[in-house]
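Written below as C-alpha cells is the structure these notes are about.
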Amino acid sequence: MFLRLSTKLLNISIASLCRAKQLEKAEAAMIDGIRLGVLPDVVTYNTLITGYCQFVGFDAGYSVIHRMREAGILPNVVTYNSLMAAATRHRLLSRCVDMLEEMFEMGIVPDIWSYNTLMHCLLKVGKPDDAYRVFHDIILKNMTPCQTTNALMLFRNLQRHGYIPEIVTYNILINSLCEAGMWKTVMTLFEELKELGHYPNTITYTTVMKCCFRCKHFKEGLEIFMEMKRKGYAFDLFSYCTVIGALLKLGKWKYANNYIAHMIKIGYELDMASYNTLINWCCKKGKLEDAYNLLNVAEDMGLHGDKYTHTILINGLCRAGNIDIAQRHLNHMKMMGFDCLVAHNCFITGLCKVGLLDYALQVFKSMDTKDSFTYSTLVHNLCRAKRYRLAAGLLLSCIKAGMIPLGADQRAVIAGLARISSPRDAKRFKNKIWRAKLLHY
DNA sequence: GACTGAGTTG
C-alpha cells in the first residue's frame, strides 16, 4: 500500500516536471525514488515518454521503451497510444503505423483511442480516404455500447473535415445508438441526415422505428412508420416484423391483423423471425393450437424453431395457465441446448400468477444465469405475498450482481419493510441499497 | 460491392 501510494506521488511529481519541460529533473526524481525504494511503474515511464516526445522528439520518446523493458516493465496500450499521438503531432504517418503494428506484435489490443489517433494522423497528412476507411471498417465494427459516444465523436470529427458519410454508415451508427438507448440522439441524427440531403433507405427507417419502440416512444415510432408509407418506401419482412411487434405490445389488434395480412400478401418467403412474429400473434390471442400449427408449417418449409420460437410458446402456455405443458416444453428446450433465460423468466411469471410462489423460488435457485427481469418478477410477487424480508434479500443480491430491478419494486420493498417492522428498519435497508449501488453499479 | 435493420419476459 505504502509503495503504491509513493509511486503515485512520484508519478505526479514527474508529470509536473515533464509538463514544465524539466526532463533532467524528472530523470533525477526517478533515480532518487529508486534509491529510496520507490519503484517506477508503467505510468511513470508513460509520463516520461510523453515528455520526451513533446520536447525532444519522437525517437527520444520511443527509446524510453527499451529502458522500460530493462527495468522489467512492459509497455501497455497507453504507452503506444502516447507514441502514436506523438507521431501524429510530428506528422510521422509511418511511425504511427509502426506503433500500431508493434502493438499487435506485442499482443496488446489497440483501443478506440489508438484508431482515433491513427485516423487523425491520416487526416493530418492528407489521406482523408484512408481516415474514413479506418473509421468505417475498424471503429464502427468493433464498437460496444459504451464506446458509442466515442464513435459519435469521431463521426462528428470526420464531418468537420468535410466528409459526406454513406447512408450505411449512418445506419450502423444509428443502430449502435439505439442499442445504447440514446433515442434523442438517434432522432437528431435522423433529422440531420435528411436535412443534409441524404436519402434514408428502408433499413434507416426500420432502425429508427425500432429505436422508438424499444425506448417506449410508440407514438413517434408509428409516425416514422406512417412517413415511410407516405413516401412510398417498400416494406420488407424486417419492417413488417418491427411494426407488428410494436402493435402487438400495444394491443392494437385491428392494425396488427391488417399488417400481418399485408406481410403475407407481399409474397416474400417467410423466414423464422417472421413465423415467430405470427406465432406470437397467435399466442397473444390465446390460440395456442394455431401457434403450434404454424411451427409445423415453418418446419415443413425446412425452417427450424429457435430460442425465440420456444420462448414465445412457453410464454403463451404460461399466460394461458398451462403450467404443466409449459414445464415440459421448457425441459425440452433445455435438452435441445437453447438459451433458456427469457423462457425461465416467463415460466417464473406464470408460476407466480397461479400462486406457486415457492416453486418459482425453487426454479430461480436452479437457474445458472439470471437477469434483472428474473429478480424483479420475484421481488414483485414476494411483495404481493407480503414476504418483504425475502424480497429485500433478493433485491440486494440483484444490485450486488450489478443489475437494477424496477424502481416500483424497490419502493414496494421499502414501504413493506416500514409497515411490518419499523421506519428505522426500512431506512437502514434503503441505505444498504444505496451503498450496494455505489459499489456494484 | 459489401458492410447495416426484424422476432421472446417486467
Side-chain angles (χ1 to χ4, degrees), chain A residues 133 135-138 140-143 165-179 186 200-211 213-214 216 221 224-225 228 233 235-249 259-260 263 268 270-284 291 294 298 303 305-319 326 329-330 333 338-353 370-381 398 403-410 412:
Chain A
R133 188 141 299 140
F135 171 75
H136 195 275
D137 288 352
I138 303 171
L140 277 182
K141 280 183 191 157
N142 294 305
M143 218 162 37
E166 290 174 62
I167 195 67
V168 178
T169 310
Y170 270 110
N171 291 351
I172 297 171
L173 189 59
I174 287 175
N175 195 47
S176 312
L177 292 166
C178 171
E179 301 292 325
V186 165
N201 58 20
T202 303
I203 295 180
T204 324
Y205 271 100
T206 310
T207 311
V208 174
M209 194 163 71
K210 172 192 76 174
C211 183
F213 294 145
R214 282 228 184 134
K216 302 226 174 349
I224 300 278
F225 172 72
M228 197 178 168
Y233 277 90
F235 280 67
D236 56 17
L237 293 175
F238 284 75
S239 29
Y240 274 118
C241 286
T242 306
V243 78
I244 293 166
L247 291 168
L248 287 179
K249 277 206 175 78
Y259 291 120
I260 280 171
M263 182 170 89
Y268 291 132
L270 300 183
D271 58 8
M272 203 58 229
S274 316
Y275 273 107
N276 287 341
T277 304
L278 296 177
I279 291 170
N280 193 26
W281 174 62
C282 294
C283 285
K284 291 235 158 136
L294 268 173
L303 296 167
D306 56 15
K307 70 167 180 182
Y308 293 99
T309 324
H310 297 297
T311 306
I312 290 165
L313 287 166
I314 288 165
N315 190 37
L317 289 164
C318 287
R319 282 161 58 107
H329 198 132
L330 185 58
M333 190 182 169
F338 287 112
D339 164 23
C340 297
L341 174 61
V342 180
H344 269 116
N345 288 348
C346 297
F347 188 53
I348 284 178
T349 307
L351 288 172
C352 291
K353 216 174 119 190
K370 297 151 184 149
D371 63 6
S372 66
F373 280 67
T374 328
Y375 282 98
S376 252
T377 307
L378 281 170
V379 168
H380 180 79
N381 283 287
C398 176
M403 296 173 286
I404 299 290
L406 275 185
D409 294 328
Q410 295 183 41

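Letters A, B, ... are given to chains in the order of the sequence lines, protein chains preceding strands, and every chain is numbered from 1. Treat the numbers as computed from the prediction; the structure is a model and nothing was measured.
Residues passing the side-chain hydrogen bond (donor to acceptor under 3.5 Å, both in side chains) test with Y275(A), sequence neighbours excluded: none. Evaluation of the side chain to side chain contact (heavy atoms under 4.5 Å, CB included) rule for N280(A) yields L248(A), K284(A), I312(A) as partners, not counting sequence neighbours.
Put simply, CG on L177(A) is 17 Å from P on dT4(B), counting in whole angstrom units. Between K210(A) atom NZ and dG5(B) atom P there is a gap of 7 Å when expressed in whole angstrom units. Rounded to an integer number of Å, the gap from L378(A) CG to dT9(B) C1' is 13 Å. Whole-Å rounding puts the I279(A) CD1 to dA6(B) P distance at 19 Å. One can place CD1 of I174(A) at 16 Å from C1' of dA6(B), the figure rounded to the nearest angstrom. Taking atom CG of N201(A) as the reference point, atom C1' of dA2(B) lies 14 Å away to the nearest angstrom. Here dT8(B) presents its C1' atom at 7 Å from CG of N280(A), a figure rounded to the nearest Å. Atoms CE (M272(A)) and P (dT8(B)) sit 13 Å apart, rounded to a whole Å.
By the 4.5 Å heavy-atom criterion applied to side chains, F238(A) and Y205(A) are not counted as neighbours.
A donor-acceptor contact under 3.5 Å is formed by the side chain of S376(A) with the base of dG10(B).
Taking only side-chain nitrogens and oxygens, K284(A) never comes nearer than 4.0 Å to OP1 or OP2 of dT8(B). Residue N315(A) places none of its side-chain N or O atoms closer than 4.0 Å to OP1 or OP2 of dT8(B). Phosphate proximity of dG10(B) to K353(A): absent, as no side-chain N or O sits under 4.0 Å from OP1 or OP2.
For N345(A), the listed nucleotide lying nearest its side chain is dT9(B); candidates were dG10(B), dA6(B), dT9(B). In this structure, the nucleotide among dT8(B), dG10(B), dG5(B) sitting nearest to the side chain of S239(A) is dG5(B). Set against dT9(B), dT8(B), dG5(B), the side chain of I203(A) has dG5(B) as its closest nucleotide. Comparing dA6(B), dG5(B), dT8(B) by their nearest atom to the side chain of D271(A) picks out dA6(B). Listed candidates were dA2(B), dG5(B), dT9(B). Nearest to the side chain of E166(A) is dA2(B). Of the listed nucleotides (dG5(B), dA6(B), dC3(B)), dC3(B) has the atom at the smallest distance from the side chain of V168(A).
One distance of note links CD1 of I224(A) with CE of M209(A); it measures 9.0 Å at 0.5 Å rounding.
Residue ring and nucleobase are stacked for F373(A) and dT9(B), with a centre distance beneath 5.5 angstrom and an angle between planes beneath 30°.
Y240(A) and Y259(A) have tilted rings, their planes meeting at an angle from 30° to 60° on a 0 to 90° scale.
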